[in-house]
A.B. asks: 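Structure in structure tokens, see below.
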Amino acid sequence: MKNNFEDKKTLLFFTATWCGSCKVAANDMNSNEKLQDVLKNYDVVTLDYDVDTDVVRGYNIKLVPSFVIMHKGKEVSRKVGYSGKPNELYNFLK
């Protein structure tokens, strides 16, 4: 029998302390009910652009915020930037 953990995707959230859009995205991810609901399907890993430089380079992240969906060790999808519209992020994640 397969468990749900094997099917769970990982969301890599690349952010920076100086990034205003990153702060808005993080706030929406923590407070918007629709986003919180869809994020239950992910293991969310937050990475700091200025601290986690090896990972940033490895994923070729040039702009923040960046969202990378991983599944079974492979990149499935990527979204760069955040418009401040939770529905856009929700549609990317669902």
A.B. asks: If I take atom CG from residue Leu11 and atom CG from residue Leu39, how far apart are they, to the nearest 0.5 angstrom?
C.D. replies: 6.5 Å

A.B. asks: With a 4.5 Å cut-off on side-chain heavy-atom distances among I, L, V, M, F, W and Y, is there a chain of contacts connecting Met70 to Tyr42?
C.D. replies: no

A.B. asks: Determine whether Val38 and Val76 fall in the same hydrophobic cluster, where Ile, Leu, Val, Met, Phe, Trp and Tyr are linked whenever their side-chain heavy atoms lie under 4.5 Å apart.
C.D. replies: yes

A.B. asks: Given the rule that I, L, V, M, F, W and Y join up when any side-chain heavy atoms are under 4.5 Å apart, are Val45 and Phe92 in one cluster?
C.D. replies: no

A.B. asks: For Val56, which of Ile61, Leu47, Val51, Val64 qualifies under side chain to side chain contact (heavy atoms under 4.5 Å, CB included)?
C.D. replies: Ile61

A.B. asks: How close do Thr15 and Thr46 get, heavy atom to heavy atom, and via which atoms?
C.D. replies: CG2-CG2, 3.6 Å

A.B. asks: Output all residues satisfying side-chain hydrogen bond (donor to acceptor under 3.5 Å, both in side chains) with Lys74, sequence neighbours left out; order by chain, then residue number.
C.D. replies: none

A.B. asks: Nearest heavy-atom pair of Gln36 and Ser31: which atoms, and what distance?
C.D. replies: NE2-N, 4.1 Å

A.B. asks: Tell me, which pairs form a salt bridge (Lys or Arg N to Asp or Glu O under 4.0 Å) where one or both residues lie in residues 27-37, sequence neighbours left out?
C.D. replies: Asp37-Lys40

A.B. asks: Between atom CG of Asn41 and atom NZ of Lys94, what is the distance when rounded to the nearest 0.5 Å?
C.D. replies: 12.5 Å

A.B. asks: Sequence neighbours left out, what passes ring pair (Phe, Tyr, Trp, His ring centres under 6.0 Å) with Phe13? Give chain and number order.
C.D. replies: Phe67

A.B. asks: Closest approach of Asn60 and Arg78, non-hydrogen atoms and distance?
C.D. replies: O-NH1, 3.7 Å

A.B. asks: Please report the interatomic distance OH(Tyr59) to CD(Glu75), rounded to the nearest 0.5 Å.
C.D. replies: 7.5 Å

A.B. asks: What is the minimum heavy-atom distance between Ala16 and Asp48, and which atoms define it?
C.D. replies: CA-OD1, 4.5 Å

A.B. asks: Could you tell me which non-hydrogen atom of Lys8 sits nearest to which non-hydrogen atom of His71, and how far apart they are?
C.D. replies: O-CD2, 3.9 Å

A.B. asks: Could you pull out the closest heavy-atom pair between Asn32 and Leu35, with the gap in Å?
C.D. replies: OD1-N, 2.9 Å

A.B. asks: Spell out, yes or no, whether Leu12 and Leu63 are grouped together once hydrophobic residues are joined by side-chain heavy atoms under 4.5 Å, including indirect joins.
C.D. replies: no

A.B. asks: If two hydrophobic side chains count as joined below 4.5 Å and joins carry through other members, does Leu93 share a cluster with Tyr82?
C.D. replies: yes

A.B. asks: Distance from Ser66 atom OG to Lys79 atom NZ, nearest 0.5 Å?
C.D. replies: 10.0 Å

A.B. asks: What is the distance from atom CG of Asp50 to atom SG of Cys19, rounded to the nearest 0.5 Å?
C.D. replies: 10.0 Å

